[in-house]
Every structure is written in C-alpha cells, then in structure tokens.
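This report refers to the structure that appears directly beneath it.
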Amino acid sequence: MSTFPKNITVEEIVKFESDIADLFRAGKIKAPVHLRSGCEQHLIDIFKPIVEEDWIFSYWASHIHCLLKGVSPEDLKQQILEGKSISLCFPEKNIYCSGIVGSLAGVAVGTAWGIKKQGKKGTVYLFTGDMGSECGIFHESVKYALNFDLPIKFIVEDNGVSVMTDTRQTWGSQRPWFENTIYSQKIIYYKYENSWPHSGLGQRIAF
Ligand SMILES: Cc1ncc(C[n+]2csc(CCOP(=O)(O)OP(=O)(O)O)c2C)c(N)n1
C-alpha cells in the first residue's frame, strides 16, 4: 500500500476549507457545508497508520477525513459543489458519511464484524463529535466492539459544542463518559477549537 497518499499538509487542508468557504460565500454551493479547523495536525497524526483497505465512517463535517483517506481535492470539491458535503460517500475509497447523528455507529461495527468473520484485512475508523459520542448508540457500539474484539477504532473529535450547545453542561459532567473506563482503549480522543461556525459561515447567503 505504498502509493497511499500521506503527504497532505496542514496548510493544504486549511486552504481547501477556505476555498470551499469562498465558494459557499459566492452562492455556488446550494446545500449545507460544515467547515472545520484546528483539528488538522491531530487528524494528520491519526491517519498515519490508516491504509487504503481501511474504512472511514464520518458525519457532516468530513472534508478533512476524505482528503486524508486519499480523495483528490478536485473530486472532493466537485462532490461538495454538487451539494453532497453533508453526506460524502466514496465507496471506491471505503468512505461513508452521514448527516444523521449516531446513524453510522452500528454500520461501522457491522463492517468490523464482517471483516473479522471473513478473516479479511482492514480496520474500521468511526469519527464522531463530542455530542455524538455521548449518544446511547455510540456507547452500545463501543461496548460491543470491545467485548467481541472487533477491528474498529472510534475517534472522538471534541470541539466542546453540539451546534451551539455546551456538550459537557448538557450531560452535567466535565469529562466524557468513557474517560478512565475499559472502553477508552477503543477510543482515540482529542480536543480542538473550531474557528468556523458549526455549519455555513454564520451569514446569510443569497443564491
Ligand atoms: C438524529 C439527528 N438529530 C439532530 C441532528 C442535528 N445536528 C446536526 S450536528 C448536531 C450536533 C452534533 O454535535 P457533535 O457530535 O459534537 O458534532 P460537531 O460539533 O463535531 O459537529 C446536531 C444536533 C442531526 N443531524 N441528526
């Protein structure tokens, strides 16, 4: 798997998101976009062991995950221009995303179960936000994956908020539920501050 692209820099990622913001501002994207920043180096590091045969499941803000899994910036931009930013899918790259909170946890665990049962190669990576990681389906999925030793890692990307709601205040705890539990061995957790709004640009766009 030596041809797998790994050389995308923080600057290239920042420029990609900024270019998409310009297109959105100009009214060229007639669908939601969710831009992210501050997580670039974390994601570059997390993607280091990820190879082509691995699977990526992510949600509404997945531009950076797609780039790091080897989708070309041109192909990604085209899909975004076609209004698919919120649920990007590249089956040829084993990438599936959804705009529905929690929807992919069971799918990702099922994929990992299939890999194990069929003796195939590959690891599944499910990316989720901090609020997504507090949902019941996420907890059940991590529990099942740990108990059956499935080839899956869960990545929790904590920007502190669910849209504009403070996630920790919502659940009455300053710590994620899995901290210092046996489940944390299945989870890669990092914190970041997103300089973009949750969705769009925080301004009215006229098409
Ligand atoms: C089932 C469902 N309920 C509500 C929403 C609306 N929604 C979209 S993103 C989001 C917040 C998720 O927060 P978090 O998991 O922390 O993600 P991030 O901050 O990284 O976007 C919500 C409530 C949705 N997409 N799906």
Contacts of Ser195 meeting side chain to side chain donor-acceptor pair (under 3.5 Å) (sequence neighbours excluded), chain-then-number -> Ser37

So the side-chain hydrogen bond (donor to acceptor under 3.5 Å, both in side chains) pairs with at least one residue in residues 133-155 (sequence neighbours excluded) are Glu134-Arg168

Might you confirm whether atom CD of Gln169 has over 12 heavy atoms from other residues, nucleotides or ligands at distances under 6.0 Å? no

Distance col, row Thr167:OG1 vs Asp158:CG, nearest 0.5 angstrom, shows 7.0 Å

Heavy atoms of Ala21 and Leu201 approach each other most closely as O-CD1, 3.5 Å

Across all chains, not counting sequence neighbours, the salt bridge (charged side-chain N to carboxylate O under 4.0 Å, His left out) partners of Glu12 are none

Residues 97-108 vs side-chain hydrogen bond (donor to acceptor under 3.5 Å, both in side chains), sequence neighbours excluded, gives Ser98-Ser103

Nearest heavy-atom approach of Ser58 to Leu104 is O-CD1, 2.9 Å

For residues 115-125, the salt bridge (Lys or Arg N to Asp or Glu O under 4.0 Å) pairs (sequence neighbours left out) are none

* **Non-hydrogen side-chain atoms of Ile187 and Ile155 separated by less than 4.5 Å** => no

Q. Would Val14 and Leu43 show up in the same hydrophobic cluster when neighbours are defined by side-chain heavy atoms closer than 4.5 Å?
A. yes

Margin query: Please determine whether side chain to side chain contact (heavy atoms under 4.5 Å, CB included) holds for the pair Trp55 and Ile115, giving the CA-CA distance in whole Å, both sets of side-chain angles, and the decisive distance to 0.1 Å.
Written below: CA-CA 10 Å; Trp55 297 74; Ile115 289 171; 3.7 Å; yes

Problem - side chain to side chain contact (heavy atoms under 4.5 Å, CB included) assessment of Ile50 paired with Leu68 - result: CA-CA 9 Å; Ile50 296 179; Leu68 288 165; over 6 Å; no

Value for CE (Met131) from CG (Asp166), rounded to nearest 0.5 Å, stands at 8.5 Å

Scanning both residues in full, the closest heavy-atom pair of Pro151 with Ala112 reads CD-O, 3.4 Å

Separation between OG (Ser87) and CD1 (Ile100), nearest 0.5 Å, reads 9.0 Å

Exercise. Just wondering, are more than 12 heavy atoms of other shown residues or ligands nearer than 6.0 Å to NZ in Lys186?
Worked result: yes

In this structure, CD1 of Ile64 is separated from NE2 of His42 (nearest 0.5 Å) by 11.0 Å

Those residues at least two apart in sequence (or on a different chain) that pass ring pair (Phe, Tyr, Trp, His ring centres under 6.0 Å) with Phe90 are none

In short, Pro32 meets Ser85 closest at the heavy-atom pair O-CB, 3.6 Å

For Asn94, the side chain to side chain donor-acceptor pair (under 3.5 Å) test, sequence neighbours excluded, returns none

So salt bridge (Lys or Arg N to Asp or Glu O under 4.0 Å) across residues 188-206, not counting sequence neighbours, yields none

* Asked: More than 12 non-hydrogen atoms from neighbouring residues, nucleotides or ligands closer than 6.0 Å to CH2 on Trp171, yes or no?
  -> no

- Message: Test of understanding: clusters of I, L, V, M, F, W, Y form through side-chain heavy atoms closer than 4.5 Å, transitively. Do Ile188 and Phe178 belong to the same one?
- Response: no

Q) Are side-chain heavy atoms of Phe154 and Thr128 found at a separation under 4.5 Å? A) no

- Say whether Ile20 and Ile86 are linked into one hydrophobic cluster, either directly or through other cluster members, by side-chain heavy-atom distances under 4.5 angstrom. no

Residue pairs meeting salt bridge (Lys or Arg N to Asp or Glu O under 4.0 Å), one or both in residues 78-101, sequence neighbours left out, come to Glu82-Lys84

With sequence neighbours left out, the residues meeting ring pair (Phe, Tyr, Trp, His ring centres under 6.0 Å) with Tyr192 are Tyr190

Tightest non-hydrogen contact, residues Gly132 and Val101, listed as CA-CG1, 4.3 Å

Could you walk me through whether Leu126 and Phe138 pass the side chain to side chain contact (heavy atoms under 4.5 Å, CB included) check?
-> CA-CA 10 Å; Leu126 172 77; Phe138 183 82; 4.2 Å; yes

Of all heavy-atom pairs linking Glu179 and Arg175, the shortest is OE2-CD, 2.6 Å

By side chain to side chain donor-acceptor pair (under 3.5 Å), Glu17 pairs with (sequence neighbours left out) His63

Value for SG (Cys66) from CG (Leu88), rounded to nearest 0.5 Å, stands at 4.5 Å

In this structure, OG1 of Thr111 is separated from OH of Tyr96 (nearest 0.5 Å) by 8.5 Å

Q. Ile46 and Ile44: same hydrophobic cluster, using ILVMFWY side-chain contacts below 4.5 Å?
A. yes

Partner of Phe127 under ring pair (Phe, Tyr, Trp, His ring centres under 6.0 Å), picked from Tyr59, Tyr189, Phe47, Phe57, is Phe47

Residues pairing under salt bridge (Lys or Arg N to Asp or Glu O under 4.0 Å) where one sits in residues 18-31, two or more places apart or in two chains, turn out to be Lys15-Asp19, Asp22-Arg25

Would you say the side-chain atoms of Asp54 pair up with the backbone N or O of Thr123, donor to acceptor, closer than 3.5 Å? yes

Run the side chain to side chain contact (heavy atoms under 4.5 Å, CB included) test on Val161 and His198 for me, step by step, so that the C-alpha distance in whole Å, both residues' side-chain angles and the decisive distance to 0.1 Å come before the verdict.
CA-CA 9 Å; Val161 285; His198 169 78; over 6 Å; no

*asked:* I'd like to know if the side chain of Gln79 pairs up with that of Asp75 as donor and acceptor (distance under 3.5 Å, no hydrogens or angles considered).
replied: no

- Query: Does the side chain of His65 come within less than 4.5 Å of Ile95's, by heavy atoms?
  - Reply: no

Heavy-atom side-chain contact between Val33 and Trp196 under 4.5 Å = no

Are Trp60 and Leu67 co-members of a hydrophobic cluster defined by side-chain heavy atoms under 4.5 Å apart?
no

